[in-house]
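Before any comments, here is the structure.
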Amino acid sequence: MSALARRGDLLRLSTLFVRTLREDPADAEVASHKLLIRAGYIRRTAPGIYTWLPLGLRVLAKIEAIVREEMQAIGAQEVHFPALLPREPYEATGRWTEYGPNLFRLQDRKRADYLLAPTHEEMFTLLVKDLYSSYKDLPLTLFQIQTKYRDEARPRAGLIRGREFVMKDSYSFDHTDAGLDAAYQRHRDAYERIFTRLGLEYVIVSAMSGAMGGSRSEEFLSPSPIGEDTFVRTAGGYAANVEAVVTPVPDAVAYDDAPAAHVEPTPDAGTIDALVALANANHPRPDRAWTAADTLKNVVFAVTQPDGTRGLLVVGVPGDREVDLKRLEAALAPAEAEPAGDADFAKHPELVKGYIGPLVLGPQGAQVTAEDGTTSSAIRYLLDPRVVPGTRWITGANVADHHVFDLVAGRDFAADGTIEAAEVRAGDLAPDGSGPVELARGIEMGHIFQLGRKYAEALGLKVLDENGKAVTVTMGSYGIGVTRALAALAEANHDERGLAWPAQVAPAHVHVVATGKGTEVFEAAASIAEGLVAHGVEVVYDDRPKVSPGVKFADAELLGVPLLVVVGRGLADGVVEVRPRAGEAETLPVADAVAAVTARVEGLLA
RNA sequence: CGGGGUGUAGCGCAGUUUGGUCAGCGCAUCCGCUUUGGGAGCGGAGGGUCGCAGGUUCGAGUCCUGUCACCCCGACCA
């Protein structure tokens with residue numbers, strides 16, 4: 001069966017609402033942004049907010065159609081919520097406040113609070129609660145393709161990160177964990193089909209479910225240097241967002257022969273570099289030189305919990321690594337962390353800047369007793385997983401200008417736990433044993449995760465099970481950034497001349513150019529264009545009469561329609577040219593043009 | 001929120017240091033003629049309260065004060 005419709009669309013450039021620009025817009029940095037503006041697909045309306053012109057809207061609709069088909073294929077049913085929502089449901093889950101300044105808020109004439117939805121978990125949950133009450137109704141998967149609003153602090157890169165964007169979000173509802181697993185896997189498979197059909201290279205990386213409180217979570221990234229996400233992968237198949245990378249834990253080391261810890265004067269060694277230099281000068285190792293990796297760096301952060309309480313956290317990492325704030329926050333979510341300020345240090349005189357060591361931290365430091373009788377460290381101390389028992393360190397002695405040497409983990413100090421906060425570097429070993437990782441960047445186009453019962457609990461979504469007992473429903477949440485996928489497609493499919501869409505999402509299949517003077521070329525070109533349309537092919541026809549060939553070719557390359565048909569000087573010999581957007585031209589007899597080009601289009605869509 | 005930068009015609013820019021033929025250039029648009037296989041030529045035309053508000057001055061894109069907006073780099077997310 002042909003992928004073509006019964007009749008295609010004919011877009012005449014003489015009347016199509018488009019104006020191409022010869023120069024890049026000044027405010028665009030990335031290729032997709034520049035080209036989508038230059039080719040007349042979108043126009044900027046406000047920061048991070050874009051108007052869709054006919055060509056852009058056609059591409060968007062094709063992407064949506066593919067997403068919709070594949071969602072329906074896994075049994076998901078489409079619904080559509082308002083983008084404008086009342087405050088109450090978001091109040092119930094705490095997100096009215098938790099979402100913070102990223103939430104677009106407004107009031108109606110009665111001063112009632114509303115919001116422009118950044119995502120619709122609450123609404124889906126409440127809708128199912130409204131209609132369903134039995135396990136027999138489950139499993140259920142609902143989805144919508146909706147415009148979402150987030151008042152991003154910094155919109156960037158055109159469609160890559162906008163304040164208004166189109167997202168497909170779906171939610172699965174099950175009463176068993178096994179059901180959730182199955183729904184998750186169905187979505188994962190569907191996403192693979194979607195991105196394959198879009199003609200987009202993708203990498204599935206494990207992700208942090210973070211604040212959403214789920215268990216399993218993966219992201220679909222389009223590898224691209226302009227992507228905002230950093231991920232790691234190995235030749236052996238491991239792939240993870242840097243935030244989710246797990247550090248392999250080394251074996252514990254025997255320390256029977258380790259000398260006792262000893263404090264040494266280290267004047268002006270407040271930095272790791274200075275410390276290493278000084279250690280090598282004054283306390284050389286017999287076997288090799290000291291390196292930064294022999295030092296234990298203790299970095300102080302202020303951590304703010306969602307309820308507003310603030311406390312100090314010290315993270316201990318090998319001195320050759322920085323603490324990656326993104327990884328730290330991902331590990332601490334939903335709490336937020338920031339480097340400790342002068343005020344924090346002032347409250348804790350035991351923290352001597354540049355000379356902080358484990359002996360005043362965590363279990364070694366002061367303890368506080370909570371109302372319920374449990375005790376915890378006054379200054380929480382978490383270690384990098386590499387700091388295993390038996391490892392020896394040079395680290396701060398908590399006295400200005402002094403460090404302690406041969407401080408042995410497990411013998412001389414302990415911590416309140418470990419944390420994945422150290423930076424990930426190329427060459428680090430993957431946790432699954434598949435070898436060293438490489439780092440790359442990608443555009444996050446999709447995210448699937450097992451939400452669990454968080455929203456169902458908060459909003460009281462329960463069903464009666466086989467025993468007539470009310471059980472809380474478990475949910476999965478699955479998103480695809482539709483407008484972002486369009487931008488990722490533009491990023492992945494362009495050259496210096498313009499866009500180059502895969503046929504499945506291109507605004508049209510064929511771009512017919514009539515060049516030359518005289519009415520014959522235009523009559524022949526129009527006849528071919530109409531013939532193609534009659535066969536179901538979507539055609540852009542450049543019928544502009546007084547436009548030079550150079551302009552027409554340049555516009556064709558800018559617009560990025562996959563096949564170009566040139567009707568011009570060859571007409572005298574009874575031939576026209578066909579050439580792919582990035583490929584060699586070949587000539588065809590005029591009489592065969594419609595059939596041959598139609599066949600090529602069908603080949604591209606297959 | 002921290003750092004950097006920019007606001008002059010639909011788009012891209014010059015002019016601001018050194019107040020006074022400074023309201024300009026290219027692209028785009030409109031009219032006429034020519035041109036028609038790689039962003040054409042000639043002639044003509046329309047279009048800007050120089051981000052906004054005060055101030056200095058005989059005179060302000062130009063100097064002063066304030067203010068707003070936007071873009072880029074870092075902390076958040078589809």
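Reminder, nothing fancy here: chain letters follow the sequence lines and each chain counts from 1.
Among the atoms of the strands shown, base atoms are found under 4.0 Å from some heavy atom of A:D229. Base engagement by A:G162 is indicated by at least one non-hydrogen atom pair under 4.0 Å involving a base atom. When heavy atoms are screened at a 4.0 angstrom cut-off, A:G568 is found touching base atoms of the nucleic acid. Contacts of A:G446 with the nucleic acid, taken as non-hydrogen atoms under 4.0 Å apart, involve only primed sugar atoms and P, OP1 or OP2. A:V566 comes within contact range of at least one nucleobase, with a heavy-atom separation under 4.0 Å. Residue-level contact check: A:R497 touches the bases, meaning some heavy atom is under 4.0 Å from a base atom.
As the counterpart of B:C76, no nucleotide is assigned, since no Watson-Crick or G-U wobble pattern has both distances under 3.5 Å.
When each of B:G74, B:A78, B:A40 is scored by its nearest atom to the side-chain atoms of A:R154, the top-ranked nucleotide is B:G74. Side chain of A:P549, nearest nucleotide from B:C73, B:A78, B:U36: B:U36. Listed nucleotides: B:C73, B:G12, B:C71. Nearest to the side chain of A:A26: B:G12. Side chain of A:E152, nearest nucleotide from B:A40, B:C76, B:C72: B:C76. Side-chain proximity of A:D27 to the nucleotides B:G37, B:A40, B:C71 is greatest for B:C71. The nucleotide whose nearest atom lies closest to any side-chain atom of A:S548 is, among B:A78, B:C70, B:A40, B:A40. Of all nucleotides listed (B:C70, B:A40, B:C76), B:C76 comes nearest to the side chain of A:N102. Looking at the side chain of A:P25, the nearest of the listed nucleotides B:A75, B:G12, B:U36 is B:G12. Relative to the side chain of A:E29, the nucleotides B:C76, B:C72, B:G39 differ in distance, and B:C72 lies closest.
Of the inter-residue distances, the one linking A:D542 atom CG with A:T515 atom OG1 reads 10.0 Å to the nearest 0.5 angstrom. Atom CG of A:L85 sits about 5.0 Å away from atom CE of A:M123, to the nearest 0.5 Å. Atoms CZ and CG, from A:R497 and A:L35 in turn, are 13.0 Å apart once rounded to the nearest 0.5 Å.
Rounded to an integer number of Å, the gap from A:L571 CG to B:G37 P is 13 Å. With rounding to whole Å, A:Q146 atom CD is found 13 Å from B:A78 atom C1'. Here B:C72 presents its C1' atom at 13 Å from CZ of A:R161, a figure rounded to the nearest Å. A straight line from CZ of A:R544 to P of B:A40 spans 11 Å, rounded to a whole angstrom. Summarising the geometry, the separation between CD on A:E164 and C1' on B:A78 is reported as 14 Å, rounded to the nearest angstrom. Going from atom CZ of A:F165 over to atom C1' of B:C77 covers 8 Å, rounded to whole Å. The CD1-P distance, from A:I42 to B:G10, rounds to 20 Å in whole Å. Computed from coordinates, the A:Y171 OH to B:A78 C1' distance equals 11 Å when rounded to whole Å.
Among residues at least two apart or in separate chains, there is no ring-ring contact (aromatic ring centres under 6.0 Å, His included) pair with a member in residues 140-165 of chain A.
In terms of phosphate contacts, A:R19 brings no side-chain nitrogen or oxygen within less than 4.0 Å of OP1 or OP2 of B:G10.
Comparing the C1' positions of B:A9 and B:C50 gives a spacing of 11 Å, expressed to the nearest Å. Remark: the separation of the C1' atoms in B:G51 and B:U8 is 10 Å, to the nearest Å. The separation of B:C73 from B:C33, taken at their P atoms, amounts to 50 Å, rounded to a whole angstrom. The separation of B:G24 from B:G48, taken at their C1' atoms, amounts to 11 Å, rounded to a whole angstrom. Only the P atoms considered, B:G20 is 14 Å distant from B:G15, to the nearest whole Å.
Aromatic rings from A:F220 and A:H187 are positioned such that their centres are separated by 6.0 Å or more.
We find that A:K454 and A:E121 are not joined by a salt bridge, their nearest charged nitrogen and carboxylate oxygen being 4.0 Å or further apart. At a threshold of 4.0 Å, the pair A:D495-A:R581 counts as salt-bridged, since one of the basic side-chain nitrogens sits closer than that to a carboxylate oxygen. Using a cut-off of 4.0 Å between Lys/Arg side-chain N and Asp/Glu carboxylate O, A:R321 and A:E423 are scored as not salt-bridged. Under a 4.0 Å N-O distance rule, the pair A:K168/A:E64 does not qualify as a salt bridge.
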Check the interface with nucleotides 25-27 of chain B: list each N/O to N/O pair with the protein under 3.5 Å, or write none.
unit_1, atom_1, unit_2, atom_2, d
B:G26, N2, A:E23, OE1, 3.0

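The stacking criteria are not both satisfied for A:F553 over the base of B:G39, which would need a centre-to-centre distance under 5.5 angstrom and an angle between ring planes under 30 degrees.
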